[in-house]
Amino acid sequence: MHLLEQVFAIISVVNLILAAVLIFMERRNIAATWAWLIVLLFLPGVGFIVYLILGHKLSKKKLYRLQEGEFSHFRAAVDKQKLLLVSGDFPVHDPAMERHRDMIYMNVVSDGAYYTQDNAVQVFAEGEPLFDTMLEDIEKARHHVHLLYYIFRNDELGKRLVQLLAAKAAQGVEVRVLYDAVGSAALSSRVFRPLVAAGGEVAAFFPSSIPFVNFRVNFRNHRKLTIIDGKIGYIGGFNIGDEYLGKSKYLGYWRDTHLQIQGNAVYMLQARFFLDWNLSSPKRMQESPVYFPVIGELANGVGVQIVSSGPNSEKQQIKHAYLKMIYKARKKIYLQTPYFVPDESILTAMKMAAMSGVDVRLMVPGIPDSKMVFWATHSYLGEMLKSGVRCYLYEKGFMHAKTLVVDTQIASVGTANVDIRSFKLNFETNAFLYDTGMAEQLEELFLRDLENSKELTMAEYMNRPIHMRIKESLTRLLSPIL
């Protein structure tokens with residue numbers, strides 16, 4: 001017994017020393033540092049192993065290396081747009097967007113998010129019409145189909161899609177599928193055999209070379225993108241799986257938001273796929289005009305910026321764009337997110353907006369898919385309510401939409417949740433829309449969702465049971481690393 005105590009003591013000391021060295025040398029966020037110290041304190045030995053798998057930072061040295069000349073025309077166009085925005089000579093087609101020039105410029109500077117104003121955008125709020133339209137567009141593809149998804153299921157929808165992709169590949173269409181190795185961990189490569197046999201290509205993002213252990217498990221490609229012939233793009237919250245059609249017995253109806261984009265904004269979705277594919281596949285794509293075809297300009301189109309962020313950058317571009325939108329609000333902010341685990345900057349911005357008289361409304365799921373995140377989310381709702389934010393729990397099914405609408409003028413739809421994971425650890429992409437018509441449409445969707453939601457009052461929140469408060473407190477301590 002004495003020997004076991006000595007071994008435990010040695011493990012504990014070594015665990016804390018090594019953890020302290022690793023954590024403090026990496027100079028990570030203070031909240032994340034304390035969260036990891038709690039894990040290490042309560043799980044000596046095991047905690048350090050967990051930290052090695054989930055806690056280390058991503059080496060950025062070899063990520064997204066461009067070959068000489070790649071995207072040179074994009075970089076030149078972005079540099080020119082910067083100069084025009086600074087000089088005031090950049091023509092903004094929609095007069096209502098004049099007040100948002102600073103946000104457009106910020107996204108151009110921080111992410112090279114080229115602003116286009118000639119896009120046609122269609123909003124999808126349910127899986128059936130989305131996938132019917134998407135598969136119809138894929139059926140019409142003539143040159144290439146590119147898919148990037150966090151989750152790709154081997155179920156009815158997944159098999160139907162693979163069958164269609166294999167048929168297109170057999171016709172000579174270039175087909176590339178990229179899926180996240182963690183989000184699609186249960187997916188066998190056998191699923192794609194018909195596609196590969198027909199000439200298609202498949203790759204996994206950050207796969208593990210060691211069975212059952214992935215040291216990059218914390219860095220997930222959470223993007224959901226489809227690009228067809230370089231002319232049609234899809235982006236939003238829907239993955240590939242039957243549950244996104246509302247067929248999950250546990251979650252039931254699936255409420256999400258996805259966009260179909262036609263116009264020059266598709267170039268930026270294509271460039272994003274290009275970079276992620278070349279990071280993941282030994283068969284590099286070569287930049288070519290066939291992937292970026294000339295698209296006829298659409299008069300009175302929707303202004304769009306495609307903004308991406310991930311652990312390869314310290315800029316947190318999507319979070320900063322959210323903050324900019326929140327601080328620019330004068331009348332109202334409507335936010336939907338399945339996971340609300342914000343950092344202090346988002347919390348402060350939302351509270352300040354509400355206390356300044358802005359109508360701030362937050363909608364989160366009333367039916368959770370993750371208990372821990374659900375408890376962590378509820379730990380923040382009290383602060384929101386105290387500041388005057390109106391909070392709603394969506395109860396018709398699972399609410400997975402990731403939308404932000406401000407002043408019925410600008411909006412965001414994409415893959416990023418309002419949590420620390422999406423802002424810092426995941427690879428994410430959002431479409432920022434500068435168009436009163438699109439903002440009005442997304443705002444109407446939010447108001448329609450209120451009919452299937454319950455507003456949480458301060459009295460109800462204060463009367464929640466003690467076991468719920470304990471769960472909230474514990475998960476909030478771990479929120480920086482959830």
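Index from 1, following the sequence. The analysis underlying the following values was restricted to heavy atoms, covering all of them including side chains, and did not include hydrogens, waters or symmetry mates.
- Rounding to the nearest 0.5 angstrom, the gap separating the CD1 atom in I235 from the NZ atom in K224 is 9.5 Å.
- Here D137 pairs with Y234, Q260 under the side-chain hydrogen bond (donor to acceptor under 3.5 Å, both in side chains) rule; sequence neighbours left out.
- Between E156 and K159, none of the side-chain N atoms (NZ, or NE/NH1/NH2) sits under 4.0 Å from a carboxylate O, so this pair counts as no salt bridge.
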Inset, instruction - Under the side chain to side chain contact (heavy atoms under 4.5 Å, CB included) rule, what do K319 and D343 come out as? Steps first, then yes or no, please. - result: CA-CA 10 Å; K319 186 186 84 168; D343 65 5; 2.7 Å; yes

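- With sequence neighbours excluded, the residues satisfying salt bridge (Lys or Arg N to Asp or Glu O under 4.0 Å) with D359 are R361.
- In this structure, the side chains of F340 and N417 stay at 4.5 Å or more apart for every pair of heavy atoms.
- Side-chain contact annotation: E201 with H146, donor-acceptor N/O pair under 3.5 Å absent.
- Residues N430 and V413 fail the side-chain proximity criterion, which asks for heavy atoms closer than 4.5 Å.
- The environment of CZ in R99 is crowded: more than 12 heavy-atom neighbours from other residues, nucleotides or ligands sit within 6.0 Å.
- Under the rule for a side-chain contact (heavy atoms from CB on, under 4.5 Å), K249 has no partner lying at least two apart in sequence or in another chain.
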Legend entry - Stepwise salt bridge (Lys or Arg N to Asp or Glu O under 4.0 Å) check, K315 with D111: CA-CA 9 Å; K315 295 180 181 178; D111 190 48; over 6 Å; no

Legend entry - Chi angles and distances behind the side chain to side chain contact (heavy atoms under 4.5 Å, CB included) call for F273, L269: CA-CA 6 Å; F273 179 87; L269 295 177; over 6 Å; no

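- Between Y179 and F192, the distance from one ring center to the other falls under 6.0 angstrom.
- In terms of the side-chain contact (heavy atoms from CB on, under 4.5 Å) criterion, residue partners of A96 (sequence neighbours excluded) are, by chain and number, D94, Q409, T436.
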Inset, instruction - Evaluate the criterion side chain to side chain contact (heavy atoms under 4.5 Å, CB included) for residue pair I240 and F131; output intermediate values, then yes/no. - result: CA-CA 9 Å; I240 306 299; F131 289 112; 3.7 Å; yes

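- Between F427 and F206, the ring planes lie perpendicular to each other; the angle is over 60°, past the 30° to 60° tilted range.
- Comment: K328 engages D102 in a salt bridge, judged by a side-chain N to carboxylate O separation of less than 4.0 angstrom.
- Qualifying salt bridge (Lys or Arg N to Asp or Glu O under 4.0 Å) partners for E136, counting only residues two or more places apart in sequence or in other chains: K140.
- Look at D276 and R272 and you find a salt bridge, because one of the NZ, NE, NH1 or NH2 atoms lies within 4.0 Å of a carboxylate O, short of that distance.
- For an aromatic pair to be called close, the ring centres must be under 6.0 Å apart, and F292 with F74 satisfies this.
- Note on R153 versus D242: no salt bridge recorded, every NZ/NE/NH1/NH2 to OD/OE distance being 4.0 Å or above.
- Pairs of residues two or more places apart, or lying in two chains, never qualify as ring-ring contact (aromatic ring centres under 6.0 Å, His included) while including a residue from residues 154-177.
- Between E243 atom CD and N239 atom CG the span is 7.5 Å, to the nearest 0.5 Å.
- Considering V92, I104, V304 in turn, I104 is the only one that fulfils the side-chain contact (heavy atoms from CB on, under 4.5 Å) rule with Y434.
- Residue S422 comes nearest to D419 through the heavy atom pair N-OD1, 2.8 Å, listed as atom of the first residue, atom of the second, then distance.
- V341 places a side-chain heavy atom less than 4.5 Å from the side chain of Y380.
- Put simply, the side chain of D180 does not reach to within 4.5 Å of the side chain of H222, judged on heavy atoms.
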Legend entry - Worked verdict on L161 versus L165 for side chain to side chain contact (heavy atoms under 4.5 Å, CB included): CA-CA 6 Å; L161 179 55; L165 293 173; 3.9 Å; yes

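- Every residue two or more places apart in sequence or in another chain that forms a side-chain hydrogen bond (donor to acceptor under 3.5 Å, both in side chains) with Y392 is listed here: R390.
- Pairs passing the ring-ring contact (aromatic ring centres under 6.0 Å, His included) check and including a residue from residues 296-338, sequence neighbours excluded, read Y322-F423, Y334-F446.
- For the pair S110 (side chain) and Q317 (backbone), a donor-acceptor distance under 3.5 Å is absent.
- Salt-bridge annotation for E451 and K396: absent, with no side-chain N of the basic residue lying under 4.0 Å from a carboxylate O of the acidic one.
- Scored by the side-chain hydrogen bond (donor to acceptor under 3.5 Å, both in side chains) test, T429 finds R223, S308 as partners (sequence neighbours excluded).
- Below 30°, between 30° and 60°, or above 60°: for H378 and F374 the angle between ring planes is between 30° and 60°, a tilted geometry.
- With sequence neighbours left out, V389 forms a side-chain contact (heavy atoms from CB on, under 4.5 Å) with A354, V360, L362, M384, C391.
- Closest heavy-atom contact between A204 and A181: CB-CB, 4.3 Å.
- In this structure, the separation between CZ on F124 and CG on L130 is 6.0 Å, given to the nearest 0.5 Å.
- Side-chain atoms of E440 and T408 form no donor-acceptor pair, as typed in the model, at a separation below 3.5 Å.
- Interatomic distance, CD of Q441 versus CG of D435, reported as 9.5 Å (0.5 Å rounding).
- Note on ring orientation: taking the six-membered ring where Trp is involved, the planes of Y291 and H143 are perpendicular (angle over 60°, cut-offs 30° and 60°).
- Between D229 and K168 no salt bridge is recorded (no basic side-chain N to carboxylate O distance below 4.0 Å).
- We find the OG1-CD distance between T415 and E428 to be 3.5 Å, quoted to the nearest 0.5 Å.
- For E395, the side-chain contact (heavy atoms from CB on, under 4.5 Å) partners two or more places apart in sequence, or in a different chain, are K454.
- Here the closest heavy-atom approach between residue D256 and residue W254 is recorded as OD2-NE1, 2.9 Å.
- Environment of NZ in K231: sparse, with no more than 12 heavy atoms of neighbouring residues, nucleotides or ligands closer than 6.0 Å.
- Scored by the side-chain hydrogen bond (donor to acceptor under 3.5 Å, both in side chains) test, Y253 finds E126 as partners (sequence neighbours excluded).
- Taking CG from L445 and OG1 from T257, the interatomic distance works out to 6.0 Å, rounded to the nearest 0.5 Å.
- With contacts defined as side-chain heavy-atom distances shorter than 4.5 Å, the pair L245/L157 qualifies.
- Heavy-atom contacts from other residues, nucleotides or ligands closer than 6.0 Å to CD of Q171 number more than 12.
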